Novice: 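Below: one structure in structure tokens.
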Amino acid sequence: MRIRSRSIAALFVVIAISGACGSSATPAPTGAPTAAPTAAMTAAPTAAATAAATAADTAAPTGAALAPFCTKPPSQAGQTLTVVSYGGAYQAAQDKAWFKPYAAATGITITQSQDSANATIKSQVESGQVSWDLVDVGNDFGLDANANLLEPIDYSLVPKDQILPGFAATYRVAAITYGIVMAYRSDKFAGAVPQNWADFFNVAKFPGKRGLYDYSTGGVLEIALLADGVAPKDLYPLDVPRALKKLDTIKDSIVWWSSGAKSQEQIGAGEVTMSMMWNGRAWSAKHVDNKPVEVQWNQQLLVADYWVVPKGTPNKAAAMQMLGWMSCANNNGAVSKYITYGPPNKFAPVDPTNKPDLAVSNINGTSVTVNDQYLVTNSATLDEQYNAWKTK
Amino acid sequence: MSAPVAVKGRAGRARRGPLISRWGSLAVPLLVLLTAAFLLPMLLIVVRSVTDPADIGAGNYVTFFTNEADMRVLGNTFYIAVICTVACLAVGYPYAYLMAIVPQRVAGIMLVFVLVPFWSSLLVRTFAWEVILRDTGIINTLLLNLKVITEPLPLIRNTFAVILGMSQILLPFMVLPLYSVMQRIDPELTRAAANLGAGPFAAFRRVFVPLSFPGITAGSLLVFVLALGFYITPTILGSARETMISRFIADQVQVRVNWGLASAMAVILMVLTFTVLAIASRFVKLRDVYGALGES
């Protein structure tokens with residue numbers, strides 16, 4: 001008996017070690033960092049129709065109405081706020097575009113953390129120890145399914161009517177927009193340019209391996225259906241068996257990626273000749289790593305990262321005020337100066353140098369806005385079918 | 001769990017005598033830590049697996065066992081752990097044997113070769129394997145340039161690469177217990193066997209190998225249990241077919257925020273691991289296994 005209990009105690013130690021060995025590096029479904037160009041922000045802060053307006057059904061002829069706090073936010077001296085994002089070049093851009101200017105204008109003290117995770121929000125709220133006030137999350141979080149974890153957005157401060165349709169919901173408002181796009185090696189196809197996702201699936205015409213995001217709700221099913229000829233308007237609800245059948249045609253050519261950095265490295269090293277990528281990462285492969293990588297904007301999937309406010313934060317009012325300020329048309333596009341991610345506010349001017357490389361500048365009839373609500377509601381069954389196919 | 005002083009004061013009731021009690025008290029902090037930081041959370045995980053979401057009952061377990069991918073990946077996990085253990089034993093046994101028979105100084109150097117990679121990050125080593133093995137990696141580029149091959153060899157995104165990467169990481173857990181047992185085997189015993197007419201191989205097989213058995217089981221169990229918890233290495237070096245269960249657990253925790261299902265999966269993995277160890281304990285004395293580790 002004593003022998004057994006001692007062996008079991010030793011075993012616990014072994015299991016504890018094994019737990020420690022398998023830590024971190026899990027996919028975070030967000031459009032994450034690239035590096036930044038240095039062009040100046042030249043657009044006038046009150047400008048009306050912009051690149052983003054091409055996406056808008058009704059661009060206001062006289063420009064967006066600016067609340068007084070957009071240009072002169074009230075003093076927040078003595079107040080502190082913990083803002084959390086995904087780190088890297090992405091958060092550095094947000095810092096330069098939003099956090100520092102807002103702190104300078106209001107006297108607020110902003111503490112930053114770089115480890116945004118859905119699980120951390122949940123554990124903070126469940127334990128009643130909420131230390132995050134404003135959090136940048138991926139498109140899979142912040143819908144009504146997470147109502148018990150989040151404060152409703154104060155739309156008396158955030159100009160909902162100026163946000164691109166679909167990018168402002170009860171508990172979240174978009175921070176930046178990005179595109180899931182087709183990136184390709186311009187040196188591998190003898191000058192031929194892949195035009196759409198059908199070409200992506202044509203390994204005979206465009207030889208080489210394909211990089212795909214290993215995440216059932218990360219766009220992989222959508223691009224398979226687009227490649228198979230489904231019209232953007234008929235995409236949802238997703239015909240999963242049809243998507244998996246299409247994916248099966250290139251299964252042996254797929255190299256999966258789970259982080260933005262990985263996708264950038266794979267195409268940079270030439271391990272894949274084409275990859276579905278977040279547009280900022282494709283931009284970095286070309287402009288930071290200096291690799292022959294180009295983007296095909298046709299049939300891009302338009303997605304966003306979102307701001308949420310964890311339920312029960314003692315700094316809720318200050319968080320909403322900052323969120324309101326960042327969402328103003330005059331402030332919302334500032335981040336595009338430092339990174340190729342666009343503003344969700346359709347009246348916000350963007351950086352002229354980076355304008356051609358923003359997802360919102362490349363919206364056309366073939367673009368698809370990802371239906372987060374559908375994906376979140378059905379994630380369990382999507383996971384089940386996708387994983388069953390993938391691991392077969 | 002009484003204070004050590006009290007035990008000393010009531011020496012008559014101390015079962016193991018004062019010396020052991022006093023030294024045994026040194027284990028108290030660890031026991032407290034294990035209870036608070038491991039046993040209790042473990043218990044909470046079991047509770048959560050049947051209460052999150054409310055009224056789920058056995059629902060999370062039903063979800064798991066009726067899910068085709070979950071079952072397949074669970075099978076993969078044990079399959080890869082077994083292959084990994086065999087691979088580590090095949091490489092580790094001769095290495096440990098060599099360490100045991102060479103002079104002490106050389107053995108020390110050999111030990112460093114095992115430990116230095118052990119001290120570098122798992123992620124770094126895994127990414128290093130990727131750079132070496134991939135289609136545009138060191139080996140394939142070299143062979144392509146030398147015109148030895150015309151197409152890149154399939155060195156990565158398969159079981160081979162996963163076993164290679166995991167075995168390298170887990171090898172120290174095999175070599176160290178083996179070496180600690182082997183160095184205590186009296187060389188006179190094999191010599192005596194030779195004296196009695198055994199050839200070198202027979203002496204090795206019938207005397208040395210059985211005596212090293214505690215090292216074999218200790219190393220194998222350690223490697224096997226540790227391998228069950230891997231997921232980053234299979235994700236980076238393997239294809240989707242080498243997905244391991246911890247990856248699915250991590251997805252449920254971090255991405256889907258479905259902690260009830262994640263807890264159920266963790267409980268299932270733990271119960272199965274205990275089952276394997278229980279079966280193993282019928283054939284080997286677990287005390288020997290962990291004793292071999294402790295007495296190096």
Side-chain angles (χ1 to χ4, degrees), chain A residues 2-4 6-29 117-123 126 138 140-141 145-146 149 209 214-215 217 251-252 254-256 258 262 265-266 269-272 379-380 383-392, chain B residues 30-31 34 37-39 42 63 67-70 72-73 76 122-123 131 134-137 156-157 169 221-222 225-233 235-236 239-244 246-248 250-259 261 270 273-274 277 281 285-287 289-290 293-294:
Chain A
R2 220 172 71 226
I3 295 167
R4 176 144 307 171
R6 211 200 286 176
S7 341
I8 289 174
L11 187 63
F12 281 142
V13 178
V14 169
I15 292 177
I17 297 170
S18 94
C21 283
S23 63
S24 79
T26 316
N118 304 349
T120 311
I121 296 176
K122 176 163 166 142
S123 66
E126 283 195 355
D140 58 353
F141 195 77
N146 308 117
L149 301 176
K209 296 206 165 144
D214 182 11
Y215 185 46
T217 53
K251 193 168 186 180
D252 293 334
I254 296 174
V255 179
W256 297 104
S258 300
K262 202 78 206 141
E265 194 220 328
Q266 282 173 357
E271 195 182 9
V272 300
S379 64
D383 274 349
E384 186 178 348
Q385 297 173 80
Y386 169 78
N387 284 331
W389 165 77
K390 192 186 70 171
T391 57
K392 191 150 44 189
Chain B
L30 181 64
L31 282 175
L34 275 180
F38 187 71
L39 279 182
M42 213 69 227
T63 303
N67 187 312
E68 186 188 339
D70 286 348
R72 188 183 297 131
V73 166
N76 278 352
L122 177 146
L123 270 178
V131 171
R134 66 186 172 199
D135 290 0
T136 53
I156 197 169
R157 325 259 172 245
I169 290 160
L221 279 179
L222 267 179
V225 172
L226 288 173
L228 287 176
F230 268 64
Y231 74 94
I232 296 170
T233 306
T235 300
I236 294 171
S239 73
R241 292 180 190 96
E242 283 80 32
T243 308
M244 290 176 74
S246 300
R247 163 75 196 278
F248 277 14
D251 282 352
Q252 290 302 328
V253 171
Q254 292 175 316
V255 182
R256 296 291 179 222
V257 206
N258 186 352
W259 293 359
L261 182 57
M270 191 173 64
T273 307
F274 277 129
L277 286 167
S281 74
K285 280 185 270 175
L286 282 184
R287 184 172 60 163
V289 171
Y290 297 108
L293 285 177

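Owing to the predicted nature of the structure, the values given are computational and were not obtained by experimental measurement.
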Novice: Under 3.5 Å, side chain of Arg256(B) to main-chain N/O of Ala380(A), donor-acceptor pair present?
Specialist: no
Novice: For a quick test of reading the model, state the closest non-hydrogen atom pair linking Asn118(A) to Val255(B) and the distance between them.
Specialist: ND2-O, 3.4 Å
Novice: Measuring heavy-atom distances to chain A, does Thr243(B) have an atom under 4.5 Å in its side chain, in its backbone, in both, or in neither?
Specialist: side chain
Novice: Give the minimum heavy-atom separation between Thr136(B) and Ala269(A), together with the two atoms involved.
Specialist: OG1-O, 3.4 Å
Novice: What's the separation between atom OG in Ser239(B) and atom NZ in Lys390(A), rounded to the nearest 0.5 Å?
Specialist: 9.5 Å
Novice: Can you tell me how far apart OG (Ser258(A)) and CG (Asp251(B)) are? Round to the nearest 0.5 Å.
Specialist: 8.0 Å
Novice: Side chain from CB out, backbone as N, CA, C, O: work out which of these in Thr217(A) comes under 4.5 Å of a heavy atom of chain B, or both, or neither.
Specialist: both
Novice: How about NZ on Lys262(A), more than 12 heavy atoms from neighbouring residues, nucleotides or ligands closer than 6.0 Å, or not?
Specialist: yes
Novice: Taking side chain as C-beta onward, heavy atoms only, is Asn387(A) less than 4.5 Å from Phe248(B)?
Specialist: yes
Novice: Before you tell me yes or no, could you show the steps for Lys251(A) and Arg241(B) under side chain to side chain contact (heavy atoms under 4.5 Å, CB included), namely the whole-Å CA-CA distance, both residues' side-chain angles and the distance that decides it to 0.1 Å?
Specialist: CA-CA 11 Å; Lys251(A) 193 168 186 180; Arg241(B) 292 180 190 96; 3.9 Å; yes
Novice: Once you round to the nearest 0.5 Å, how far does CZ of Arg134(B) lie from CD of Glu265(A)?
Specialist: 4.5 Å
Novice: Check each atom of Lys392(A) against the heavy atoms of chain B and say whether the ones under 4.5 Å are side chain, backbone, both or neither.
Specialist: both
Novice: Please classify the contact of Asp383(A) with chain B as side chain, backbone, both or neither, using a heavy-atom distance under 4.5 Å.
Specialist: side chain
Novice: For chain B, find which of Ser379(A), Ala117(A), Gly270(A) contributes the most heavy-atom pairs closer than 4.5 angstrom.
Specialist: Ser379(A)
Novice: Would you name the heavy atoms of Ala388(A) and Arg72(B) that are closest together and state the gap between them?
Specialist: O-NH1, 2.9 Å
Novice: Look up atom CD in Gln254(B) and atom NZ in Lys122(A), then write down how far apart they are to the nearest 0.5 Å.
Specialist: 13.5 Å
Novice: So which part of Val257(B) gets closer than 4.5 Å to some heavy atom of chain A, the side chain, the backbone, both or neither?
Specialist: both
Novice: Starting at OG1 of Thr235(B), measure out to CH2 of Trp256(A) and round the result to the nearest 0.5 Å.
Specialist: 12.5 Å
Novice: Salt bridge check: are Arg247(B) and Asp214(A) linked by an N-O gap of less than 4.0 Å?
Specialist: yes
Novice: Checking Gln252(B) against chain A: side chain, backbone, both or neither under 4.5 Å from a heavy atom?
Specialist: side chain
Novice: Considering only heavy atoms and a distance below 4.5 Å, find which of Asn146(A), Val255(A), Leu149(A) pairs most often with chain B.
Specialist: Val255(A)
Novice: For a 4.5 angstrom cut-off between non-hydrogen side-chain atoms, does Trp389(A) reach Glu68(B)?
Specialist: no
Novice: Going from CD on Glu271(A) to CG on Asp135(B), what distance comes out if it is rounded to the nearest 0.5 angstrom?
Specialist: 6.0 Å
